[in-house]
Amino acid sequence: YDLLDDNVILNDNPITFTTCSPIVCYKTDNKKIEYLNPLDYEFVTHLKNNIAKKFYLCYEEDLPLFEIINIENIKKKVIYFRETFYVAYHCKITVQLNDKRLANMIMTTGLGAKNSMGFGMVNYEKKILSL
């Protein structure tokens, strides 16, 4: 295993998070679970709502600037865990944010649902500086 660097350095540029474990995002309707695809608009909405709840629980403040700019390299995974199948997605998510606490919270808690089961762990792509 390797400890992830959660000390994200912010500037005006977007940050790209890459999944270490796939992200689960779902909604329920009449006790039926519908897993959301990252290309769906609802996926982005559920992801933002989940992050807003986590941020409020950590800091008792409303969510600062957080916009999902792009989701790419999407790979679907069906995972069987504790006698249940989960539909999850590996991907790269590019976001715009301006609060270091939010970036570190995402690195610490993960994105999406089922984080306590290990889903949604992300790492950020460090920009390579050229001389």
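The shown structure was predicted, so the numbers you read here are calculated from the model rather than taken from an experiment. Numbers here are sequence positions counted from 1.
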Query raised in the report: So do Tyr124 and Val122 actually touch side chain to side chain, heavy atoms under 4.5 Å?
Result: no
Query raised in the report: Looking only at heavy atoms, which two atoms of Ser21 and Gly120 are closest? And how far apart?
Result: OG-N, 3.2 Å
Query - Side chain Thr19, main chain Cys91, donor-acceptor under 3.5 Å - result: yes
Query raised in the report: How far does CD1 of Ile71 sit from OG1 of Thr94, to the nearest 0.5 angstrom?
Result: 9.0 Å
Requested in this report: State plainly whether one hydrophobic cluster holds both Tyr56 and Ile51, where clusters connect Ile, Leu, Val, Met, Phe, Trp and Tyr through side-chain heavy atoms under 4.5 angstrom apart.
Outcome: no
Query - Heavy-atom donor-acceptor pair, Thr45 side chain to Tyr41 backbone, under 3.5 Å - result: yes
Query raised in the report: Under a 4.5 Å side-chain heavy-atom rule over Ile, Leu, Val, Met, Phe, Trp and Tyr, are Ile68 and Leu39 clustered together?
Result: yes
Query raised in the report: Can you tell if the side chain of Ile79 reaches within under 4.5 Å of the side chain of Phe85, non-hydrogen atoms only?
Result: no
Requested in this report: Specify whether Phe43 and Tyr89 have parallel, tilted or perpendicular ring planes, treating 30° as the upper limit for parallel and 60° as the lower limit for perpendicular.
Outcome: perpendicular
Report summary line: Only residue of Lys54, His46, Lys53, Lys48 satisfying side chain to side chain contact (heavy atoms under 4.5 Å, CB included) with Asn50 is Lys54
**Report entry** Aromatic Phe55 / basic Arg101 pairing, under 6.0 angstrom, 45° off normal
**Finding:** no
Query raised in the report: CZ of Phe81: more than 12 outside heavy atoms within 6.0 angstrom?
Result: yes
Report task. Take Glu34 and Thr28 through the test side-chain contact (heavy atoms from CB on, under 4.5 Å) and record every step on the way to the result. Result -> CA-CA 6 Å; Glu34 180 184 344; Thr28 56; over 6 Å; no
**Report entry** Distance, nearest 0.5 Å, that separates CD1 of Ile33 from NZ of Lys27
**Finding:** 13.0 Å
Requested in this report: Find out whether Val95 and Phe17 are in side-chain contact, i.e. whether some heavy atom of one side chain is under 4.5 Å from a heavy atom of the other.
Outcome: yes
Report summary line: All heavy atoms of Gly112 vs all of Ile23, minimum pair found to be CA-CG2, 4.0 Å
Query raised in the report: For Leu65 and Leu102, which heavy atoms make the closest approach, and how far apart are they?
Result: O-CD2, 3.9 Å
Query raised in the report: Is the CD atom of Glu60 crowded by more than 12 outside heavy atoms at less than 6.0 Å?
Result: no
Requested in this report: State, yes or no, whether a side-chain contact exists between Tyr86 and Tyr35 at a heavy-atom distance under 4.5 Å.
Outcome: yes
Query raised in the report: Taking side chain as C-beta onward, heavy atoms only, is Met117 less than 4.5 Å from Asn115?
Result: no
Query raised in the report: Are Ile93 and Asn70 side-chain neighbours, meaning at least one heavy-atom pair lies under 4.5 Å?
Result: no
Report task. Could you tell me the separation between the CG atom of Leu47 and the CG atom of Leu36, rounded to the nearest 0.5 Å? Result -> 10.0 Å
Query raised in the report: Is any side-chain heavy atom of Tyr59 less than 4.5 Å from a side-chain heavy atom of Leu57?
Result: no
Query raised in the report: From His90 NE2 over to Thr18 OG1, what is the distance, rounded to the nearest 0.5 angstrom?
Result: 11.0 Å
Query raised in the report: Any side-chain heavy atom of Lys76 within less than 4.5 Å of one from Val78?
Result: yes
Requested in this report: Kindly check if the number of other-residue, nucleotide or ligand heavy atoms within 6.0 Å of OH (Tyr26) is above 12?
Outcome: no
